[in-house]
Student: 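One structure follows; several queries about it will come next.
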Amino acid sequence: MFANFFGKKKNETVQDVTNWIPELGGTVTYRTTFPAREAAYGEFGAIDARLIDALKQRGIERPYTHQSKAASLALAGRDLVVVTPTASGKTLCYNIPVIETILQEPTSRALYLFPTKALAQDQLTELSELSEAMGGLFKAFTYDGDTQQKSKGPARDHGNIIISNPDMLSTGILPHHARWAPFFKNLKYIVVDELHSYRGIFGSHLANLFFRLLRVCAFHGSRPVFICCSATIANPREHAEALTGRPVELISENGAPSPEKEFLIYNPPVVDKRTGMRRSSLFESARITAEILAAGISTIIFTRSRINVELLLKYVRKELKNRNLDPEMVTGYRAGYLPKERRAIEADLRSGELRGVVSTNALELGIDIGSLDFAVLHGYPGSIASMWQQVGRAGRRSGSSAAVLIASALTLDQFFVAKPEWLLGASPELARIDPRNPYIRVGHVRCSAFELPFIEGETFGGEDISEILNYLAKHDVLHMSNDFGDVVYHWQENSYPAASLSLRSATNDTYAITDITNPDRPKVIGSMDRRSAPTQIYPGAIYFHGGESFIVQELDTEKLVCSVKQIAADYYTESESTGRINVTEEFERRGLFGWGEVLLSTTPSVYRKIKLSTHENLGLGEIKLPEEQMETTACWIEIPEELSGSAETATALGGLSNLLRNIAPLFLMCDRNDIQVHARLRDPYLKMPALYVVDNIPGGVGLAEGVFELKTKLLTACLDALRTCKCQNGCPACVGAMPEEGFNLKGAVQYLLTGLLSEPAANQ
């Protein structure tokens, strides 16, 4: 297919590929070329000539405007957040003020925090090269789980810049702050990169972690400046302030140049006109990726789930092998791979040994994986901010590049196909966190009490925590004493609380996935949080890793071990579960809409075996696992009698549930799996039919409240998606199923939505 591409310049080859995609039989519903942009420069200002010379040696003659402004504000002691696109040089926004301060005050210290170890290694390389160019005038060290014991002391005692991650700060630095006394005493800057990634559970943890950090800094007599950097989100200043507890300055004008980039939205062709079923977006993505790789173009393909990574990898390698090409030129990358495995993949991508990678959003962040020319997005990634991050992974260091979004059959994808202006013209989403989540807050108060005693009346993140302190004292976790007239809460347990606190989940339970194919040599090949386990790694489930398939033998819910065996499976599995919702506290109600605290009880029931090649259902299996309970928050919508009098109400509610589950992430900046939507034909609490949108995270992280606040926009978008779908009576792309013959499910759901939007409270 691409034989005539070889020998051409890269820009010409990329252009030929984008011209070829429409020939696949589907529809390119949107195509645009983002023109190249010229740079806008600022000035270095009165910074040290040694730093300016070192930067000029690296080809940086002048800073971009956003870099210049960030350095100026930081050096003036102002907390700030920089929001500019991918590959706009945000690193210099913090490196310039940090190094300048060290040059003027050699005892100065800075703490760099990145969400992943891979990003930390990238930054260490950058700083080491800069330090070498300046004659070693400052020292930078990584301090994380990969740091050898012999290197920890020198890093702690002599590092001007410590590069770490939130997990190590929580478990390895703050609990031992006495050993770090000189570091904290001289700490001038806290750098927080990839700020947009700290949302939901992780962001709620990070805010509490910063409250702990600032308590320790105050104890040692320092007040460091926060320098935050983020991809584009709707509320960068508010998000940074929620995380740090301080007012921040916003820098959002980008001065960096950008190369020309072509962007397409491609919808696979319809293969069944009666049902509206389209060619599998997974197969189409694999086919397109294989062709691009075969043309010699380095490529990254993003997909939304772990299982899709493994399926796409399997299909792409098969296509390459059919062309007598090396299938090992492409690999997978996702959470669950062991750290050593991921580092090797990153190095092979940088060196060019690997030409392609299939990834979840794990490679969405600014990890240096070399120069890639093409980005393939298998489906809408879940947020507008995430989409632009993924598109930006191609063409970071080179000339023209391209990206294609291949729409899946999901409602939101088909909505964007019909109305791309919602995707391309909409503001990015709000990043939501809830630092007051009780499951998260109590864990950090315990850790903070271990680090420093609390005095009665002392706040934590500006909040009164007397109730938490007294609760912990009552249960003998803290010891309450009278010290010189002050009531003081001291840590008194023998345990080390930070060691058992996971920043990636509201609770700390994680399953170790263990390969027992060779029973004499079992080995851990991955991990999964307890919340996801019952619906993904139940006995009989197929688990994919590294392109290989395994069958789950046992899920030990007490020891948190999942035992798997390798198997040559030609199918994958999907589970179904039943749920009960009990409202325990109502926070607010407006007309038919309300939100509050709920107890969600979930029981996995059955799973389907689905053939890889055809997606046909091969049969059902029973899941025998105990019920799981979770306290969280939910938004509910009452369905009044005048909208629910028909016999088809249950079916209509199911169709609206599907729409809500698919459209809500557009507004909430979350994954589809972060919420659950339940239709109740007669809800015991509301005494009428109702829909519940449940925050699928223990304690909730603001998603239910977000649905309540955005109810009008959300229901309007659902109605818009329904109207733009080309089916007549309903289909999997809008209401989630084919209606029974003679029943207009689409019309029934539209009737419900129109009625709900006429409710006065929907417009408040």
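Values in this document were obtained by computation on a predicted structure and should not be read as measured data. Values reported hereafter were calculated over all heavy atoms of this structure, with side chains retained and with hydrogens, waters and symmetry mates removed.
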Student: Calculate, to the nearest 0.5 Å, the distance between atoms CG and CG belonging to Leu209 and Leu214 respectively.
Tutor: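 Taking CG in Leu209 and CG in Leu214, the distance rounds to 9.5 Å.
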Student: Does Phe460 have any ring-ring contact (aromatic ring centres under 6.0 Å, His included) partners at least two apart in sequence or in another chain, and if so, which?
Tutor: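 If we apply the ring-ring contact (aromatic ring centres under 6.0 Å, His included) test to Phe460, skipping adjacent residues, the hits are Phe211.
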Student: Are the side chain of Asp144 and the backbone N or O of Ser164 linked by a donor-acceptor pair below 3.5 Å?
Tutor: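 No, Asp144 side chain to Ser164 backbone: no donor-acceptor pair under 3.5 Å.
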Student: Find out whether Ile96 and Leu55 are in side-chain contact, i.e. whether some heavy atom of one side chain is under 4.5 Å from a heavy atom of the other.
Tutor: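 Side chain of Ile96 against side chain of Leu55, heavy atoms only: contact under 4.5 Å found.
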Student: Checking side chain to side chain contact (heavy atoms under 4.5 Å, CB included) for the pair Trp491/Arg446: CA distance, chi angles, key distance, verdict?
Tutor: CA-CA 8 Å; Trp491 181 261; Arg446 292 174 72 246; 3.6 Å; yes
Student: How many angstroms lie between atom CG of Asp146 and atom OG of Ser151, to the nearest 0.5 angstrom?
Tutor: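 So the CG of Asp146 and the OG of Ser151 are separated by 11.5 Å.
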Student: Quick check: closest heavy atoms across Phe202 and Ser197, and the distance to 0.1 Å?
Tutor: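 Result for this residue pair: CD2-O, 4.1 Å.
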Student: Quick one: does any side-chain atom of Ser351 pair with a main-chain N or O of Asp348 as donor and acceptor, under 3.5 Å?
Tutor: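 Answer holds: yes.
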Student: Output every pair passing side-chain hydrogen bond (donor to acceptor under 3.5 Å, both in side chains) with a member in residues 53-68, not counting sequence neighbours, ordered by first then second residue.
Tutor: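 Every pair satisfying side-chain hydrogen bond (donor to acceptor under 3.5 Å, both in side chains) with a residue in residues 53-68: Arg58-Glu129.
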Student: Taking salt bridge (charged side-chain N to carboxylate O under 4.0 Å, His left out) as the definition, give me every residue that meets it alongside Asp157, ordered by chain and number, with sequence neighbours left out.
Tutor: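 Checked Asp157 against salt bridge (charged side-chain N to carboxylate O under 4.0 Å, His left out); zero matches.
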Student: Quick one, Pro665 and Asp674 - any side-chain contact, counting heavy atoms below 4.5 Å?
Tutor: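 No; the side chains remain at least 4.5 Å from each other.
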Student: Residues in ring-ring contact (aromatic ring centres under 6.0 Å, His included) with Phe210, at least two apart?
Tutor: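 Counting only residues at least two positions away or on another chain, Phe210 forms a ring-ring contact (aromatic ring centres under 6.0 Å, His included) with Phe226.
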Student: For a 4.5 angstrom cut-off between non-hydrogen side-chain atoms, does Ile227 reach Pro97?
Tutor: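 Ile227 reaches Pro97 side chain to side chain.
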Student: Judged by atom type as modelled, is there a donor-acceptor pair below 3.5 Å linking the side chain of His239 to the main-chain atoms of His196?
Tutor: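 No.
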Student: Quick one: closest heavy-atom pair of Ala207 and Ala242, and the distance?
Tutor: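 Shortest heavy-atom contact: CB-O, 3.8 Å.
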Student: Whether the side chain of Asn235 engages the backbone of Glu238 through a donor-acceptor N/O pair (distance < 3.5 Å, no angle test) should be reported.
Tutor: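 Between the backbone of Glu238 and the side chain of Asn235 there is no qualifying donor-acceptor contact (under 3.5 Å).
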Student: Can you list everything that forms a side-chain contact (heavy atoms from CB on, under 4.5 Å) with Arg50? Sequence neighbours excluded, please.
Tutor: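 Checked Arg50 against side-chain contact (heavy atoms from CB on, under 4.5 Å); matches are Asp48, Leu103, Met134, Leu137.
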Student: Taking side chain as C-beta onward, heavy atoms only, is Leu73 less than 4.5 Å from Val225?
Tutor: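 No - every pair of side-chain heavy atoms lies 4.5 Å or more apart.
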Student: My understanding is that only residues two or more places apart in sequence, or in another chain, count here; which of them pass ring-ring contact (aromatic ring centres under 6.0 Å, His included) with Tyr496?
Tutor: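 Scan of Tyr496 (ring-ring contact (aromatic ring centres under 6.0 Å, His included), adjacent residues dropped) gives His176, Phe450.
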Student: In chain order, what residues pass the side-chain contact (heavy atoms from CB on, under 4.5 Å) check against Glu463, with sequence neighbours excluded?
Tutor: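 By the side-chain contact (heavy atoms from CB on, under 4.5 Å) rule, Glu463 matches Arg436, Arg441.
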Student: Would the distance check show the side chain of Asp193 and the main-chain N or O of Tyr112 forming a donor-acceptor pair, the cut-off being under 3.5 Å?
Tutor: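 No, Asp193 side chain to Tyr112 backbone: no donor-acceptor pair under 3.5 Å.
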Student: Side-chain donor-acceptor contacts of residues 182-189 below 3.5 Å, not counting sequence neighbours, with atom names and distances?
Tutor:
residue : atom : partner : partner atom : Å
Asn186  : ND2  : Pro182  : O            : 2.8
Tyr189  : OH   : Thr101  : OG1          : 2.8

Student: Does the side chain of Tyr94 reach to within under 4.5 Å of the side chain of Val82, using non-hydrogen atoms?
Tutor: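 The answer is no; the side chains never approach within 4.5 Å.
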Student: Within a 6.0 Å radius of atom CZ on Arg179, are there more than 12 heavy atoms belonging to other residues, nucleotides or ligands?
Tutor: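 No, because the 6.0 Å sphere around CZ of Arg179 holds 12 heavy atoms or fewer from other groups.
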Student: I'd like to check Ile60 versus Leu92 (side-chain heavy atoms, cut-off strictly below 4.5 Å). Are they in contact?
Tutor: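 Yes, close enough: below the 4.5 Å cut-off.
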Student: Just checking, any donor-acceptor pair under 3.5 angstrom between side chains of Glu346 and Tyr333?
Tutor: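 Yes, a side-chain donor-acceptor pair sits under 3.5 Å.
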Student: Between OG1 of Thr299 and CG of Leu354, what distance do you get to the nearest 0.5 Å?
Tutor: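 So the OG1 of Thr299 and the CG of Leu354 are separated by 12.0 Å.
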Student: So Arg109 and Ile162, do their side chains get closer than 4.5 Å, heavy atoms only?
Tutor: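 Answer no - side chains too far apart.
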Student: Just by distance, do the side chain of Arg215 and the backbone of Ser448 share a donor-acceptor pair under 3.5 Å?
Tutor: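 Side chain of Arg215 to backbone of Ser448: a pair is present.
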Student: Step by step, work out the side chain to side chain contact (heavy atoms under 4.5 Å, CB included) result for Glu126 and Asn95.
Tutor: CA-CA 10 Å; Glu126 176 88 11; Asn95 279 347; 4.2 Å; yes
Student: If only atom types and distance count, is the side chain of Ser131 paired as donor or acceptor with the main-chain N or O of Leu127 below 3.5 Å?
Tutor: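 Not confirmed, Ser131 side chain does not pair with Leu127 backbone.
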Student: Nearest 0.5 Å, what's the CD1-CG distance between Ile433 and Leu206?
Tutor: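 Those atoms lie 8.0 Å apart.
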Student: If you count every heavy atom of other residues, nucleotides or ligands that lies below 6.0 Å from Gln104 atom CD, does the total exceed 12?
Tutor: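 Count over threshold, so yes.
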Student: Return the minimal non-hydrogen interatomic distance between Ala46 and Glu100, and the atom names on each side.
Tutor: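 What the structure gives for the nearest pair is O-OE2, 4.0 Å.
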Student: Measure the CG-CG distance between Leu169 and Leu174 for me, rounded to the nearest 0.5 Å.
Tutor: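 Those atoms lie 4.0 Å apart.
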Student: Yes or no on side chain to side chain contact (heavy atoms under 4.5 Å, CB included) for Phe114 and Asp122, after CA distance, side-chain angles and deciding distance?
Tutor: CA-CA 10 Å; Phe114 297 92; Asp122 279 359; over 6 Å; no
Student: Output all residues satisfying salt bridge (charged side-chain N to carboxylate O under 4.0 Å, His left out) with Arg304, sequence neighbours left out; order by chain, then residue number.
Tutor: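 Checked Arg304 against salt bridge (charged side-chain N to carboxylate O under 4.0 Å, His left out); matches are Asp413.
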Student: Does Leu503 form a side chain to side chain contact (heavy atoms under 4.5 Å, CB included) with His444? I'd like the steps, not just the answer.
Tutor: CA-CA 10 Å; Leu503 302 186; His444 284 279; 3.8 Å; yes
Student: According to salt bridge (charged side-chain N to carboxylate O under 4.0 Å, His left out), who are the partners of Glu353, at least two apart in sequence or on a separate chain?
Tutor: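 Glu353 satisfies salt bridge (charged side-chain N to carboxylate O under 4.0 Å, His left out) with no residue once adjacent residues are dropped.
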Student: Which label fits Tyr143 and Trp180: parallel for a plane angle under 30°, tilted from 30 to 60°, or perpendicular past 60°?
Tutor: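 Rings of Tyr143 and Trp180: perpendicular, over 60°.
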Student: If you take all heavy atoms of Thr142 and Ala120, which pair is closest and at what distance?
Tutor: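 Smallest heavy-atom distance, with atoms named: CG2-O, 4.0 Å.
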Student: Mind listing the closest non-hydrogen atom pair of His177 and His220 along with its distance?
Tutor: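 Heavy atoms of His177 and His220 come nearest at ND1-NE2, 3.0 Å.
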Student: Provide the closest heavy-atom pair for Asn160 versus Ser108 in the form atom of the first, atom of the second, distance.
Tutor: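 Taking every non-hydrogen atom into account, ND2-O, 3.3 Å.
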Student: Can you check whether Asp373's main-chain N or O pairs, donor with acceptor, with Ser298's side chain at less than 3.5 Å?
Tutor: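 Pair found, side chain donor or acceptor close to backbone of Asp373.
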Student: If you measure from OG on Ser204 to CG on Asn437, what distance do you get to the nearest 0.5 Å?
Tutor: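 Output value for this atom pair is 6.0 Å.
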Student: Does Tyr380 have any ring-ring contact (aromatic ring centres under 6.0 Å, His included) partners at least two apart in sequence or in another chain, and if so, which?
Tutor: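 Partners of Tyr380 by the ring-ring contact (aromatic ring centres under 6.0 Å, His included) criterion, ordered by chain and then number, come out as Phe416.
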Student: Has the side chain of Ser222 got a donor or acceptor atom that lies under 3.5 Å from a matching backbone atom of Pro224?
Tutor: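 Answer holds: no.
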Student: Distance-only, no hydrogens or angles: does the Lys90 side chain make a donor-acceptor pair with backbone N or O of Thr84 under 3.5 Å?
Tutor: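 Yes, Lys90 side chain to Thr84 backbone: donor-acceptor pair under 3.5 Å.
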Student: Is there a side-chain contact between Phe302 and Pro381 (heavy atoms, below 4.5 Å)?
Tutor: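 No, their side chains stay 4.5 Å or more apart.
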Student: What residues form a salt bridge (charged side-chain N to carboxylate O under 4.0 Å, His left out) with Glu451, not counting sequence neighbours?
Tutor: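 Partners of Glu451 by the salt bridge (charged side-chain N to carboxylate O under 4.0 Å, His left out) criterion, ordered by chain and then number, come out as Arg212.
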